[in-house]
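Below you'll find the structure, written out as structure tokens, and then a few comments.
Read the numbers this way: they start at 1 and go in the same order the structure lists the ligands and their atoms.
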Amino acid sequence: MFSQVVKQDIQEITNAMLKSKKVRLLIQREDLNNPYCMGNKWWKLRFNLIEAVRQNHRTILTFGGAFSNHIAATASACNKLGLKSIGIIRGYFTDKLNSTLIKVKNEGMQLQFVDRETYRNKSNVDWKSIYGDCYLIPEGGTNELAVKSCEEMVSFKDFDIVCVPLGTGGTLSGVIRSLKPSQVAIGFSSLKGGEFLNDEVKKYVNTSNWSIQSDYHFGGYAKVSQELVTFMNEFKRDFSIQLEPVYTAKMLYGIFDMIENNNFPPNSTILAVHTGGLQGIEGMNQLLQSKEWKID
Ligand SMILES: *Cc1c(COP(=O)(O)O)cnc(C)c1O
């Protein structure tokens, strides 16, 4: 499961706008890296699950929202490794499970739904007294082992700027640690008010060749607009790459917009990491039905 990346591709995309701005845009296809546990979540779980097994834990307990890619990845990886998994899920109290939760349940994850208040205070709860011995992985999967693993994610070195989407900032932190001094990293925040992520990233890195771009959250975490859905569908049509609406579509929209507005010097090479997350599309399309928009 974690012995090697199954597939890692760099794909250059091009169109008239990119040509006229003389900017090269490469997409690192981490959405192809592992069929069971996709994208940056494979990288973030890798050293944690290896460590859990090394410490002879049989159960992994972690936290997330009802559509969480981290929950989905944890359930699949634990299933493959023969570990038991427990997911503490934030504020979801309808009888009908969404597509993410159906999938993780089928993979053996035990689900515990908690209200938003309990969820917020999760670090004060003694989960081991409730569920017995287990290896705890924080919400979103970010800790030192996750960051350390992400240091190896970008092995291709021939770029000036690397872009990654941001949730908790763990992936960006690992990528920053792997940069040469002449390179810069930009994290595209998927959340409104993502400026606090500066401090999160500083917990893990002490260089300054990086920044956070907070202009492309589209109203907040997991919020989408018709414009974003149209962008994703056109991106897929033009480049045959599937994006998802929470992270990667917002980042690519932002990169295109910044290139158009001359934020990158001519002859720059930008590497954008497609961090995966495609399992979330089905659930988002269920939510979008009432609006009659659809992610192709
Ligand atoms: C979780 C996730 C992110 C955010 O990663 P962080 O390490 O939490 O910043 C980005 N992209 C996708 C597709 C994700 O699933």
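Judged by a 6.0 Å distance limit and a 45° cone about the ring axis, K192 is not positioned over the six-membered ring of Y216.
With sequence neighbours excluded, the residues that form a ring pair (Phe, Tyr, Trp, His ring centres under 6.0 Å) with Y253 are F218, F231. In this structure R54 satisfies the side chain to side chain donor-acceptor pair (under 3.5 Å) test together with E51, sequence neighbours excluded.
Sorted by first and then second residue, the ring-ring contact (aromatic ring centres under 6.0 Å, His included) pairs involving residues 40-85 (not counting sequence neighbours) are F2-W42, H57-Y135, F63-W127.
With R46 as the fixed residue, the side chain to side chain contact (heavy atoms under 4.5 Å, CB included) test singles out one of M153, E152, M1, K148: E152.
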Under 3.5 Å, N/O to N/O: give me all the pairs between ligand 1 and the protein, one per line with atom names and distance.
unit_1	atom_1	unit_2	atom_2	d
ligand 1	5 (O)	N40	ND2	3.0
ligand 1	7 (O)	K44	NZ	2.6
ligand 1	7 (O)	G170	N	3.4
ligand 1	7 (O)	T171	N	2.9
ligand 1	7 (O)	T171	OG1	2.7
ligand 1	8 (O)	K44	NZ	3.1
ligand 1	8 (O)	T168	N	2.8
ligand 1	8 (O)	T168	OG1	2.6
ligand 1	9 (O)	G167	N	2.8
ligand 1	9 (O)	T168	N	3.1
ligand 1	9 (O)	G169	N	2.8
ligand 1	11 (N)	T275	OG1	2.6
ligand 1	15 (O)	K41	NZ	2.7
ligand 1	15 (O)	N69	ND2	2.7

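When side chains are defined from C-beta on, V23 counts as touching I270, because their heavy atoms get closer than 4.5 Å.
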